[in-house]
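To find a chain, count down the sequence lines: A is the first, B the second, and so on, and within it residues start at 1.
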Amino acid sequence: DAKTTQPPSMDCAEGRAANLPCNHSTISGNEYVYWYRQIHSQGPQYIIHGLKNNETNEMASLIITEDRKSSTLILPHATLRDTAVYYCIVSAGANSKLTFGKGITLSVRP
Amino acid sequence: NAGVMQNPRHLVRRRGQEARLRCSPMKGHSHVYWYRQLPEEGLKFMVYLQKENIIDESGMPKERFSAEFPKEGPSILRIQQVVRGDSAAYFCASSPRVGTNTGELFFGEGSRLTVL
């Protein structure tokens, strides 16, 4: 079973920041937080991951609370193409399977 | 560098037939994972393989399903005597060998099986 909790859905306006929350209160010290997304029925796409420090790449930023019990994925300028199901996953990392939950459906409106 | 390649992209089978789904991992990747996504549901882990070894098959149904990743060639997910409930999208993912692995999985576009 997934060890994360996400709201089922949210929406945001195109051009605005999308802040997607995730709770992972039972995360272990060696577990990373990963974010993937699935656009329509395509294969899941890796977005970002982190252990305890905040991370940023060309797609998004990941903010992890100091106690590591929750995190927020930030898409700084959402576009219509960012409409997708976003999955927050905790995993031990290398050579560990990812357990997908239901994710959060992000709808970006014009 | 080509991504994870899955074929066929779409497969139609009648009940009782066999389905074979193939997955070629990214170049240099020696770990393969198979996931199944039933209509309107999330992705469910099936099996994790390294070359010639099954590492974790905890998500595989006990009967009719098997997977292999031979020394040469693609990984194969085989479903024998398919039933309508096997209709789903099957996704393959790969990751690099230990030592170069950040835990990121690279997914293919999936194979969509329809059982009539």
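- Taking CG from L105(B) and OH from Y36(A), the interatomic distance works out to 4.0 Å, rounded to the nearest 0.5 Å.
- M60(B) and W34(B) fall within a single hydrophobic cluster, where Ile, Leu, Val, Met, Phe, Trp and Tyr side chains are chained together by heavy-atom contacts under 4.5 Å.
- In this structure, M59(A) is a member of the same hydrophobic cluster as L73(A), with clusters built from ILVMFWY side-chain heavy atoms closer than 4.5 Å.
- Annotation: M5(B), atom CE; neighbour count of heavy atoms from other residues, nucleotides and ligands within 6.0 Å does not exceed 12.
- With chain A as the partner, the residue from Y35(B), F91(B), F107(B) showing the most heavy-atom pairs under 4.5 Å is F107(B).
- Under a cut-off of 6.0 angstrom, the local environment of NZ in K69(A) is sparse, with at most 12 non-hydrogen atoms contributed by other residues, nucleotides or ligands.
- Counting heavy atoms from C-beta on, the side chains of S41(A) and Q37(B) never come closer than 4.5 Å.
- Only the side chain of Q38(A) comes within less than 4.5 Å of a heavy atom of chain B; its backbone N, CA, C and O stay farther away.
- Within a 6.0 Å radius of CZ in R16(A), other residues, nucleotides and ligands contribute 12 heavy atoms or fewer.
- Within 6.0 Å of the CD atom in Q81(B), the count of heavy atoms belonging to other residues, nucleotides or ligands does not exceed 12.
- The aromatic ring centres of F45(B) and F100(A) sit 6.0 Å or more apart.
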Exercise for the section: Report the C-alpha distance between S58(B) and K97(A) in whole Å, list the side-chain angles of each, state the deciding distance to 0.1 Å, and finish with yes or no for side-chain hydrogen bond (donor to acceptor under 3.5 Å, both in side chains). Expected result: CA-CA 11 Å; S58(B) 58; K97(A) 66 186 182 189; 3.1 Å; yes

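- Annotation: the span from S91(A) atom OG to E104(B) atom CD amounts to 12.5 Å, rounded to 0.5 Å.
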